[in-house]
Amino acid sequence: MKKSPLPMVQNTSSKDEKRTKKETLVKLLRWHFGYQEFRGKQLEAIEAVLSGRDCFCLMPTGGGKSMCYQIPALAKHGIVLVVSPLIALMENQVMALKEKGIAAEFLSSTQTSNVRNKIHEDLDSGKPSVRLLYVTPELIATPGFMSKLTKIHNRGLLSLIAIDEAHCISSWGHDFRPSYRKLSSLRNSLPDVPVLALTATAAPKVQKDVIESLCLQDPLVLKCSFNRRNIYYEVRYKDLLDDVYIDISSVLKSCGDVCAIVYCLERTTCDGLSAHLSKNGISSAAYHAGLNNKLRSSVLDDWISSKIQVVVATGIDRKDVRMVCHFNIPKSMESFYQESGRAGRDQLPSRSLLYYGVDDRKKMEFILRNAENKKLQSSSSEGELSKKSLTDFNQMIEYCESSGCRRKKILESFGEQVSATLCKKVM
Ligand SMILES: Nc1ncnc2c1ncn2[C@@H]1O[C@H](COP(=O)(O)OP(=O)(O)OP(=O)(O)O)[C@@H](O)[C@H]1O
């Protein structure tokens, strides 16, 4: 259903006008998305970019980062360009926006040339109808697309550049993507378009690196608490269990017919564990890069449509995941936080369960040391990075081995001050 447009926001400064501006933004939120109020720092981020200021926004997984650029796209004339690292993420968001009657498109190599041509025609038309355009960092790096963006900008039609998953730009981030480094060209070619960088990665080094790499100018830095209140964190010790397979099966059964992800270090473990769960009457499937495309997408479809309860995976996402289980220890708190954070993105009570065992610990140490030795031979900066990997892993071991509140451990590892009252059980 197409909705009629609501009033656009003007650049203003007096108090009354500021109130009106806030009211207009809340109206847009209610009208298009059906939510009553902005969450956390959403409004501050939106107001900053609408006033033309750069903004660096750190919000936990499921915090509502996308709203920070979706509302500006509805509040101002022109196009919001969203840079996103994964085609699947872009597809999902564009589909959800289109269902709400919001003109959004993505450009990727997976589209037919017919679809791509139509989007390009719209962009070249001088009066584009698209409000949110999602692209990959690789596309930004092509000279043809950059000159297209410059033309759009010269017509006064580029209102904001949003860099989603901005930690991908930083070699200190857990998910580094070299093509993200090239995004600095955006600031050079389009110096006066505000840039909004968004991430759920809280490490201070990443923050500094992102701000410098994107050449953000006097950005408003917004940082929300990384506490995921609705997730209960637990560690079980593999070496103290009679049979870890029986344990994980009974945990999953006791949760009822809910949606869950189990992360494993290796594909073979995914396959073996999934077979074991299925044998125990839990509908599950393995999902990893070793499967052919057809099988992968049919597993994903079955899981999204709840035909399968559990995916045993190396990387996957859905909003109503009730339980994330790590069958092997992750390599860092950062990875653990990101993956366990896939639970409860709908804010409902959820659970993170990590199985920790000395053999897994040794295996991961071996992998990281091997990587360190290789990188030490190549260059000194890479050597520094791999030393960081071992330090990060030690933090993860501490999380598993220490007693006390796990939530507190997670937040403190991101430099957050935590009061003792925070440590409450949710399930
Ligand atoms: N103000 C709000 N009120 C209620 N729900 C909201 C609000 N803003 C966003 N949401 C909802 O919260 C959920 C998470 O939002 P979103 O996907 O943008 O999170 P995110 O920060 O990008 O998370 P992730 O890092 O995990 O991708 C979505 O279902 C979104 O519609």
Side-chain angles (χ1 to χ4, degrees), residues 22-47 49 55-75 80 82-102 104 106 132 134 160 162-169 173-175 196-203 206-207 210 222-231 259 261 263 304 315-322 324 334-350 352 410 414:
K22 184 189 161 187
E23 279 166 12
T24 310
L25 295 172
V26 172
K27 264 190 205 162
L28 286 171
L29 177 76
R30 292 181 183 164
W31 179 255
H32 291 281
F33 298 95
Y35 299 133
Q36 275 312 102
E37 295 300 331
F38 285 109
R39 246 197 226 155
K41 309 266 182 198
Q42 282 176 334
L43 185 62
E44 280 173 76
I46 293 165
E47 286 180 332
V49 295
C55 181
F56 180 84
C57 193
L58 272 154
M59 268 189 205
T61 45
K65 286 183 282 297
S66 15
M67 207 59 82
C68 301
Y69 51 81
Q70 287 171 351
I71 291 287
L74 298 163
V80 168
V82 185
V83 183
S84 177
L86 286 176
I87 292 169
L89 285 181
M90 300 199 284
E91 267 176 8
N92 277 350
Q93 282 210 14
V94 167
M95 208 166 66
L97 289 166
K98 280 185 166 171
E99 273 170 16
K100 292 180 168 58
I102 298 168
F106 70 95
L132 284 129
Y134 289 73
L160 173 67
I163 316 287
D164 212 357
E165 314 287 348
H167 59 271
C168 292
I169 207 171
H174 55 92
D175 226 1
L196 169 65
L198 303 136
T199 178
T201 298
V206 175
Q207 180 180 326
V210 169
L222 296 171
K223 190 170 178 177
C224 300
S225 168
F226 274 61
N227 184 15
R228 292 291 311 275
R229 281 171 212 280
N230 60 325
I231 301 182
C259 168
I261 306 176
Y263 285 105
I304 302 260
I316 199 161
D317 208 0
R318 184 176 140 172
K319 281 204 167 68
D320 57 344
V321 175
R322 292 278 71 81
V324 170
E334 213 41 79
S335 310
F336 171 64
Y337 179 78
Q338 295 291 331
E339 288 165 358
S340 60
R342 303 242 157 98
R345 290 179 65 235
D346 55 5
Q347 313 302 314
L348 293 174
S350 307
S352 152
I410 295 171
F414 296 138

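In each ligand, atom 1 is the first atom listed, and ligand 1 is the first ligand listed.
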So, regarding [X] and ligand 1 (criterion: nitrogen or oxygen to nitrogen or oxygen, under 3.5 Å), is there a contact or not?
X: R345; result: yes
X: G64; result: yes
X: E165; result: no
X: F38; result: no

ask   = Under 4.0 angstrom from ligand 1, any heavy atom of M59?
value =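 No, M59 has no heavy atoms under 4.0 Å from ligand 1.
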
inquiry  = In this structure, does ligand 1 have an atom that sits under 4.0 Å from one of the heavy atoms of R342?
reply    =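 So R342 does not count as touching ligand 1.
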
message = Quick test of your reading of the structure: of Q36, Q70, R39, whose heavy atom lies closest to atom 5 (N) of ligand 1?
response =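 The residue whose heavy atom sits nearest atom 5 (N) of ligand 1 is R39.
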
query = Who's closest to atom 2 (C) of ligand 1 heavy-atom-wise, of M67, E37, K65, Q347?
reply =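 Minimum heavy-atom distance to atom 2 (C) of ligand 1 goes to E37.
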
key: Atom indices of ligand 1, in the order listed, that fall short of 4.0 Å to a heavy atom of S66   =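 Counting atoms of ligand 1 from 1, those under 4.0 Å from S66 are 16 (P), 17 (O), 18 (O), 22 (O).
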
Where H167 and V206 come nearest, the two heavy atoms and their spacing =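 Of all heavy-atom pairs spanning H167 and V206, the closest is CB-CG1, 3.8 Å.
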
query = Which pair of non-hydrogen atoms, one from A75 and one from L25, has the smallest distance, and what is that distance?
reply =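 Closest heavy-atom pair between A75 and L25: CB-CD2, 3.9 Å.
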
request  = Check the side chains of Y134 and D164 for a donor-acceptor pair under 3.5 angstrom, ignoring hydrogens and angles.
outcome  =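 D164 vs Y134: no donor-acceptor pair found between side chains.
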
query = Is there a donor-acceptor pair under 3.5 Å between the side chain of R228 and the backbone N or O of P60?
reply =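 Flag not set: sc R228 to bb P60 has no pair under 3.5 Å.
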
message = When you measure from the side chain of S340 to the backbone of Q338, do you find a donor-acceptor pair of N or O atoms at a distance under 3.5 Å?
response =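 Judged by distance alone, no pair lies under 3.5 Å.
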
request  = With rounding to the nearest 0.5 Å, note down the distance linking CD1 in I46 to CD in Q70.
outcome  =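 I46 CD1 to Q70 CD: 9.5 Å, rounded to 0.5 Å.
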
inquiry  = Less than 4.0 angstrom from a charged side-chain N to a carboxylate O is my criterion; do K22 and E47 meet it?
reply    =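 Salt bridge absent between K22 and E47.
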
